[in-house]
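One structure is given here, and the rest of the page talks about it.
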Amino acid sequence: MQIIIKNLFKLFRLWRVYARMDLLLMTRDLKSIVLWYISDGLLNIASITGVLLLAERFSGIGSWSKYHVLFMLGYASLIDGLLSLFFGYNVSCISRRIGRGQLDHTLVQPQPLWLSLLTEGFSPFYASSVLLPGILLIWWSCFSLHLHPSAGWCLTLLTNMSASVVLAISFQFFWGSLAFWAPRSAEEISSSTLQLLEQLKAFPLDGLNPILVGSLLTVLPVGFLGWIPARSLLGMDNSIWSAVFTPFAAVLMTLLSILFFRKGLRRYARTGSARYSNFGHRG
């Protein structure tokens with residue numbers, strides 16, 4: 001217990017350090033940060049506008065009213081924001097760190113690898129341009145649907161959001177671990193898998209072919225980043241298991257990613273980074 005408490009204090013202390021560094025980076029040039037913040041915010045809003053306009057035009061999508069769709073879009077945007085909040089600076093795109101030899105810089109630090117990966121990407125100010133629109137969309141949809149969230153509902157929302165974030169980052173580590181075996185060709189695989197998650201998670205999957213739905217819940221688990229948890233939270237799925245589908249999937253994905261990542265680390269310990277030679281870093 002004493003070790004756990006000590007690690008928690010260290011975790012929060014490091015988050016504070018990295019938050020300060022993130023703030024310094026964001027405020028070094030006022031003109032640049034204003035332009036970046038506005039443009040990045042508009043880009044994130046534009047990424048969900050297509051589905052939102054479609055729902056507005058047809059007063060919903062299938063069994064989803066336009067405000068149900070709005071809630072799902074807010075949930076999906078908030079997942080993006082939380083990923084940026086805790087896993088920025090190429091932690092979510094872990095294949096870049098592995099393929100470029102940057103993982104060595106993390107391994108030589110006098111602290112556990114898991115602690116470094118949980119803190120190095122903490123960027124609350126950088127992520128706020130994605131977090132704020134997601135929070136606004138969820139509030140707007142709840143207000144429009146006349147939802148009166150109870151403590152249990154809020155707890156379910158937080159649990160499912162946490163599970164969605166864990167599932168998304170585990171999925172990134174699972175595929176990003178390929179860079180241990182193919183550092184050059186798989187260096188950007190995490191950016192490709194992240195882009196797939198971002199582009200597909202904002203669509204309701206009702207009415208799709210069961211095989212396609214199964215694929216979007218297993219091979220590419222985008223259904224757990226918006227559709228499944230939104231159905232449960234909005235009362236569209238009355239199954240008693242609906243609230244635990246996403247946490248259960250997150251546990252399975254986490255175990256797979258840990259297994260694959262640790263196997264890659266063992267290989268990395270034997271071979272080292274392919275980006276280094278006797279003459280230094282090859283770039």
Side-chain angles (χ1 to χ4, degrees), residues 7-8 11-12 14-15 18-19 22 44 47 75-100 102-103 106-107 111-124 126-131 134 157-180 186-202 216-229 244-265 268:
N7 283 330
L8 282 175
L11 178 70
F12 288 115
L14 287 171
W15 273 345
Y18 283 110
D22 184 47
N44 286 298
S47 66
Y75 184 99
S77 296
L78 206 48
I79 297 305
D80 273 348
L82 291 171
L83 283 171
S84 297
L85 172 63
F86 291 103
F87 304 106
Y89 300 109
N90 282 345
V91 175
S92 60
C93 291
I94 192 65
S95 64
R96 292 178 178 175
R97 290 195 169 202
I98 299 169
R100 296 172 183 176
Q102 295 171 352
L103 189 62
T106 302
L107 291 171
Q111 61 186 18
L113 178 61
W114 67 266
L115 186 60
S116 296
L117 294 175
L118 273 178
T119 55
E120 287 182 359
F122 188 62
S123 48
Y126 178 87
S128 60
S129 64
V130 188
L131 278 170
L157 174 65
L158 292 175
T159 301
N160 277 269
M161 280 191 170
S162 300
S164 294
V165 172
V166 169
L167 190 147
I169 195 65
S170 298
F171 182 76
Q172 288 297 96
F173 270 69
F174 179 80
W175 285 103
S177 297
L178 287 174
F180 284 121
E187 179 184 316
E188 286 297 330
I189 192 170
S190 288
S191 57
S192 299
T193 53
L194 183 62
Q195 188 175 23
L196 283 173
L197 294 180
E198 290 176 346
Q199 290 178 343
L200 297 177
K201 69 179 182 302
L216 294 175
L217 294 176
T218 52
V219 180
L220 186 63
V222 293
F224 294 108
L225 306 185
W227 180 58
I228 288 287
V244 298
F245 281 162
T246 304
F248 180 72
V251 170
L252 289 181
M253 193 72 246
T254 299
L255 293 175
L256 284 174
S257 65
I258 290 175
L259 179 66
F260 200 34
F261 189 77
R262 291 185 67 179
K263 187 174 182 180
L265 273 178
Y268 196 75

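Please read all numbers here as calculations on a predicted model, not as lab measurements.
Looking only at side-chain heavy atoms (C-beta outward), Val222 and Gln199 stay at 4.5 Å or farther from each other.
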Please report the C-alpha distance between Asn7 and Phe12 in whole Å, then the side-chain angles of each, then the deciding distance to 0.1 Å, and finally whether the side chain to side chain contact (heavy atoms under 4.5 Å, CB included) criterion is met. CA-CA 9 Å; Asn7 283 330; Phe12 288 115; over 6 Å; no

Verdict with reasoning, Arg100 to Asn90, per side chain to side chain contact (heavy atoms under 4.5 Å, CB included): CA-CA 11 Å; Arg100 296 172 183 176; Asn90 282 345; 3.7 Å; yes

Side chain to side chain contact (heavy atoms under 4.5 Å, CB included) between Asp22 and Phe122, intermediate numbers included: CA-CA 8 Å; Asp22 184 47; Phe122 188 62; over 6 Å; no

Determine whether Ile94 and Phe87 satisfy the following criterion, side chain to side chain contact (heavy atoms under 4.5 Å, CB included), listing intermediate values before the conclusion. CA-CA 10 Å; Ile94 192 65; Phe87 304 106; over 6 Å; no

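Taking both residues in full, the closest heavy atoms of Pro229 and Asn160 are given as CB-OD1, 3.8 Å, listed atom of the first, atom of the second, then distance. When every heavy atom of Leu194 is checked against every heavy atom of Cys93, the shortest pair comes out as CD2-SG, 4.0 Å. The heavy-atom pair separating Ile189 from Gly176 by the smallest distance is CG2-CA, 4.1 Å. Summarising the geometry of Leu118 relative to Leu11, their closest heavy-atom pair is CB-CD1, 4.1 Å, with the distance given to 0.1 Å. When all heavy atoms are compared, the tightest approach of Ala186 to Ser95 is O-CB, 3.4 Å. Shown here for Phe171 and Val219, the closest heavy-atom pair between the two residues is CE1-O, 3.4 Å.
With Arg96 as reference, Glu188 is the one residue of Gln102, Glu188, Glu187 to meet the side chain to side chain donor-acceptor pair (under 3.5 Å) rule.
In this structure, Phe86 has its ring center under 6.0 Å from that of Trp15. Taking the six-membered ring for Trp, Phe260 and Phe173 have ring centres at least 6.0 Å apart.
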Ignoring hydrogens and angles, write down the donor-acceptor pairs under 3.5 Å from the side chains of residues 246-257, residues two or more places apart or on other chains.
residue : atom : partner : partner atom : Å
Thr254  : OG1  : Ser170  : OG           : 3.1
Thr254  : OG1  : Ala250  : O            : 2.6
Ser257  : OG   : Met253  : O            : 3.2
Ser257  : OG   : Thr254  : O            : 2.9

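In this structure, CD1 on Ile79 lies 13.0 Å from CZ on Phe224, to the nearest 0.5 angstrom.
Counting non-hydrogen atoms of neighbouring residues, nucleotides and ligands closer than 6.0 angstrom, the CZ atom of Phe174 exceeds 12 such neighbours.
Of the possible polar contacts, one joining the Tyr75 side chain to the Met161 backbone as a donor-acceptor pair under 3.5 Å is found.
Not counting sequence neighbours, Leu259 has no partner by the side chain to side chain contact (heavy atoms under 4.5 Å, CB included) test.
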